[in-house]
Amino acid sequence: MKNLLKAGTLLCLLLVAFTAGAQAQTPELVKSGFSMQSAPVGAGGEAFFVGTNAAAGRELWKSDGTADGTVVVRDMNAGTGNTSIKYFNNIGLCALGADLVFAADNTTYGTELWKTDGTETGTGIIKNIRTGTGSGVPSNWGKILAYNGYVYTAGDNGTTGYELWRTDGTVDGTRLFKNIRSGSNASNPDGFTVADGLLYFTANDGITGDELWRTDGTPENTVMVKDIQPGSSGDDGPSYLTAMGSILYFAADNSSSLDNRELWRSDGTEAGTYMVKEINPATDEPGLNTNSFELEFTVVNDQKLFFVADDGTHGKELWVSDGTEAGTHLVKDIVPNGSNAAPYGLRAVGDRLFFGVYDGDVHGSELWVSDGTEAGTYMVKDINPGENDSYMAHNGSIVAGGMLFFRADDGTTGEELWKSDGTEQGTVRVADLATGSSSSSPASFARVADRIYFYASGSEGYGLWSFPAPGDNGTTTTTTIPPGCVDEDGDGYGLGLDCLGPDCDDDDPLVWDNCTSCTVKLLPRRLSKLFSIIRPVRLFLFRAPDGMQFAKDTPIVFADEAAEALFRFPLGKKKRYMLALVRIKAQLLQVTDAYEVSVGGCEGIIKIKMF
């Protein structure tokens, strides 16, 4: 479409606030003098985690991002004795509204459900499900999940065994939800996952063995989905329950005599529950294990399911599935000749997958990226050159602002905080917190509100660190959707900055009351080499929707002369980009300026905040 106006499609600008500056992601020590045993979990705008110090032992902590606000919530086992809080992979810490529900054992009650509002007086046991010192919820895992205003877990009142319980945070609202296996034998509900409005889990009713179950929040509609492995002996039930779109994906074995764990899917009905693909075909050869070993299920853009599998030929490699047999395939034989690449630390970043691979004496363990194609799967950067290992994703990582923040060792500065946008030049160390060759060893990453928290060592020893959560261009960014604008995927973004954000694939169009559907990209680039001597200048590229072009006479109108003097909008050579040179003047620092602008007749506001 050569003329945007003739097509009747108007270009829209999103209300965007951004902050520039190289120090935007510089981590700051929040507080030291204690150790952390879990990554933080957000509730009520505060970060909760399990920590230990000399005075209180192991207890529940919280932080508001300040030293004074980083404290023990309550010494539940008074003195230096430890409270046994169940936090394996954080599955024992769960936000329920503004409160945090968790499983803990303070040696008085056994492992039971507790709740806190972040205050000492507001922290206490919800209900002693099993009287005495016996555990009312599992003492080994303490798995819990919030669903429709309740937290679901396995519970045992001493009579039924571990069955399906739920709580709304009150004594009366904490009760046995369904006794799946009658008598004192436990059904052991586990693996709670929500997909398309249903809560899925695994349970053993004593008749069919360990199988897939679901509930809509009513006891009468809490049922087994399908008897995947016939008979009552099956105790190796579905695993890695993962939602993609409206479908639940998982690994399951449908054979009682053969090892045949493969990729399955379910829409919650018996007919809609079936094997997606037999990756490693089953055989009746005695002693031969034909599991495909699906691991690390990770969803990208709600369209691609990445996982690690072994087809019996290529070893453990990266696979991808769109939910169909034809669309389930090996992505790339990263370490050939049947050797195992064994990808690990899979994380979705935008429309790509980041992961670690150990390729032996070639590059060691390094950061890789994949778009689901063989050509688009490659090592991002040899951070620690040669066969030396650098990528430490097994210690945690986090995605923010279209980037992966992770722990890496370049062989010089030790294990420090790094970030990557998926390019070699965009993969850099964020900070050397433990100067020299010493390692700060950052771990336990989590985002709570507008900050990234992690645990690391610095000059004052180990402690809690944080930095502002980056926006789509790698700096602190907030985005506001204007009135009448529809955020299709509900992620709070309509446009991405620097083409590293969640909406750089044109899948999230904006709709304004006075404008037809359109997608415009803001791609900031700093012209530092050319203009930095005079004054900072930032170049914005306004990209038109696919299949459209700007017209030379597209009207651009500002509400005042100051804004017009700040921006310049020449037409790009390909007519798909409109350039905006923005001069960041000294007087704009530490202030916020909003500029009303009309592009193609569609009104919007550009809001710039500098500090």
Side-chain angles (χ1 to χ4, degrees), residues 22 24-27 298 300-301 306 317-318 320 331-336 341-432 439 442 445 452 467 470-475 496-502 504-505 521 523-529 539 541:
Q25 293 158 14
T26 301
T298 304
V300 172
N301 263 358
F306 287 88
E317 295 286 349
L318 184 66
V320 68
V331 176
K332 185 174 185 175
D333 190 5
I334 297 173
V335 181
Y344 65 94
L346 277 60
R347 298 302 297 266
V349 183
D351 58 358
R352 294 177 296 173
L353 181 81
F354 285 55
F355 58 99
V357 164
Y358 175 74
D359 63 3
D361 58 2
V362 182
H363 300 104
S365 182
E366 295 290 349
L367 177 65
W368 283 62
V369 68
S370 177
D371 63 0
T373 68
E374 182 174 6
T377 303
Y378 51 86
M379 183 178 69
V380 176
K381 184 175 184 175
D382 194 358
I383 296 173
N384 197 342
E387 61 183 287
N388 301 307
D389 297 341
S390 79
Y391 190 52
M392 313 291 177
H394 53 277
N395 291 298
S397 61
I398 193 166
V399 177
M403 293 178 288
L404 181 74
F405 289 83
F406 59 98
R407 174 175 171 177
D409 185 352
D410 62 3
T412 302
T413 59
E415 296 177 10
E416 296 292 345
L417 179 64
W418 285 63
K419 67 178 180 179
S420 176
D421 62 5
T423 66
E424 183 174 5
Q425 63 272 21
T427 303
V428 296
R429 188 179 66 249
V430 175
D432 187 8
S439 296
F445 295 93
I452 303 294
F467 59 90
D472 298 332
N473 67 343
T475 61
L497 290 177
D498 212 16
C499 208
L500 295 175
C504 289
D505 54 4
K521 296 182 180 179
L523 314 176
R525 296 289 188 270
R526 179 179 288 278
L527 305 181
S528 57
K529 293 184 180 180
L539 172 66
L541 305 181

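Position 1 is the first residue of the sequence; numbering continues from there.
- In this structure the side chain of S365 reaches within 4.5 angstrom of the side chain of Y344, judged on heavy atoms.
- Without hydrogens or angle criteria, R429 side chain to E416 main chain gives no donor-acceptor distance under 3.5 Å.
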(request) Any chance you could lay out the side chain to side chain contact (heavy atoms under 4.5 Å, CB included) test for L318 and K332, step after step, and finish with the verdict? (result) CA-CA 7 Å; L318 184 66; K332 185 174 185 175; over 6 Å; no

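- Taking both residues in full, the closest heavy atoms of S370 and F306 are given as OG-CE2, 3.9 Å, listed atom of the first, atom of the second, then distance.
- When every heavy atom of R347 is checked against every heavy atom of S397, the shortest pair comes out as NH1-O, 2.5 Å.
- Rounding to the nearest 0.5 Å gives a distance of 12.0 Å between NE2 of H363 and CG of N384.
- The shortest non-hydrogen separation linking I334 to A341 is CB-CB, 3.9 Å.
- Taking 4.5 Å as the limit, some side-chain heavy atom of P470 sits within range of a side-chain heavy atom of M403.
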(request) Could you check E424 against D382 for side chain to side chain contact (heavy atoms under 4.5 Å, CB included), going step by step and ending with a plain yes or no? (result) CA-CA 9 Å; E424 183 174 5; D382 194 358; over 6 Å; no

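- To the nearest 0.5 angstrom, D410 atom CG is 12.5 Å from T427 atom OG1.
- The two residues A348 and T298 come nearest to each other via the heavy atoms N-CG2, 3.9 Å.
- In this structure, the side chains of V428 and K419 come closer than 4.5 Å at one or more pairs of heavy atoms.
- With rounding to the nearest 0.5 Å, the separation of CG in L353 from CG in N301 is 11.5 Å.
- The two atoms that bring L346 and F355 nearest to each other are CD1-CB, 3.9 Å, heavy atoms only.
- Checking side-chain atoms of E366 against main-chain N and O of V380 turns up no donor-acceptor pair under 3.5 Å.
- The heavy-atom pair separating G426 from T423 by the smallest distance is N-OG1, 2.9 Å.
- Taking the side chain as every heavy atom from C-beta outward, V369 and Y378 approach each other to under 4.5 Å.
- Although no hydrogens or angles enter the test, the distance criterion places no donor-acceptor pair under 3.5 Å between the side chain of D359 and the main chain of V335.
- To the nearest 0.5 Å, the span separating CG on L367 from CZ on F354 amounts to 6.5 Å.
- Interatomic distance, OG of S390 versus NZ of K381, reported as 10.0 Å (0.5 Å rounding).
- A distance of 4.0 Å separates CD1 of I398 from CD1 of I452, quoted to the nearest 0.5 Å.
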(request) Verify side chain to side chain contact (heavy atoms under 4.5 Å, CB included) between E317 and V331, making sure each step is shown before the conclusion. (result) CA-CA 8 Å; E317 295 286 349; V331 176; over 6 Å; no

